[in-house]
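Notes follow once the structure below has been shown.
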Amino acid sequence: MQQLDAWGVPYGSGLSDDVASIVAELASNAVLHGRVPGRDFEVRLLRFADTLRIEVSDARGERRPESCEPAEGAASGYGLPLVAAPAAKWGVVERNGVGKTVWAECLWP
């Protein structure tokens, strides 16, 4: 979260906490569902005039995330709703060659 601090978003602020939650969920999904032995995943934060974009890229393009209602009492399936709640929008882009990028955008204050 040093990058956010450098952009003037203090640690512990609402936006900082939202970004931390989104990064944690998308990175966790990349490790659990997007991992290919010998390949890592990448996290990028991009600042635009009115949005902050979080991107997490992994090597498994054939495994696209889907947002759905988790079954009652399920231990998993809550992640993308947790991303969607603070994000203005989110989506998936297939990368050139191998993999995918899952992204979410938050409004810039």
Side-chain angles (χ1 to χ4, degrees):
M1 295 299 130
Q2 285 180 320
Q3 183 61 62
L4 289 180
D5 190 54
W7 288 336
V9 178
Y11 178 78
S13 67
L15 180 57
S16 176
D17 290 347
D18 288 347
V19 170
S21 295
I22 292 169
V23 167
E25 184 55 40
L26 295 183
S28 173
N29 283 350
V31 170
L32 291 173
H33 307 293
R35 186 173 182 280
V36 172
R39 297 195 178 164
D40 293 326
F41 66 94
E42 176 184 41
V43 177
R44 293 178 8 140
L45 297 178
L46 304 165
R47 181 179 165 201
F48 299 102
D50 58 350
T51 59
L52 174 71
R53 184 176 176 114
I54 301 113
E55 296 182 347
V56 177
S57 300
D58 65 49
R60 298 283 304 267
E62 77 281 4
R63 298 206 56 189
R64 296 176 62 91
E66 295 179 22
S67 185
C68 58
E69 286 293 319
E72 187 173 329
S76 63
Y78 300 95
L80 289 176
L82 291 174
V83 169
K89 57 186 173 178
W90 71 275
V92 183
V93 175
E94 290 183 27
R95 292 173 46 199
N96 291 337
V98 177
K100 68 182 173 300
T101 298
V102 183
W103 57 269
E105 292 182 351
C106 295
L107 297 178
W108 188 258

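For E42, there are no salt bridge (Lys or Arg N to Asp or Glu O under 4.0 Å) partners at least two apart in sequence or on another chain. Qualifying side-chain contact (heavy atoms from CB on, under 4.5 Å) partners for V43, counting only residues two or more places apart in sequence or in other chains: V23, F41, V56. Considering only residues two or more places apart in sequence or on other chains, N29 meets the side-chain contact (heavy atoms from CB on, under 4.5 Å) condition with E25, H33, L80. Taking R39 as the reference, nothing meets the side chain to side chain donor-acceptor pair (under 3.5 Å) condition, with sequence neighbours excluded. Judged as a salt bridge (Lys or Arg N to Asp or Glu O under 4.0 Å), and not counting sequence neighbours, the contacts of R60 are E62.
Every pair passing side-chain hydrogen bond (donor to acceptor under 3.5 Å, both in side chains) that includes a residue from residues 44-55 is listed here, sequence neighbours excluded: R44-E55, R53-E55, R53-E105.
Under the 4.5 Å side-chain heavy-atom criterion for ILVMFWY residues, no single connected hydrophobic cluster contains both V92 and V36.
In the hydrophobic clustering, where aliphatic and aromatic side chains (Ile, Leu, Val, Met, Phe, Trp, Tyr) are joined below 4.5 Å either directly or transitively, V93 groups with W103. Through direct or indirect side-chain contacts shorter than 4.5 Å among Ile, Leu, Val, Met, Phe, Trp and Tyr, F48 is connected to L46. L107 belongs to no hydrophobic cluster with other residues, because no ILVMFWY side-chain heavy atom falls under 4.5 Å from its own, directly or through intermediates.
From D58, atom CG reaches atom CG of L26 across 10.0 Å, with rounding to the nearest 0.5 Å.
At a threshold of 4.5 Å between non-hydrogen side-chain atoms, the residues I22 and C106 count as touching.
Looking at every heavy atom in both residues, A59 comes nearest to V98 through O-CG1, 3.2 Å.
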Listing, residues 1-15 side-chain donor-acceptor contacts under 3.5 Å, not counting sequence neighbours, or none:
unit_1	atom_1	unit_2	atom_2	d
S13	OG	P10	O	2.8
S13	OG	S16	N	3.3

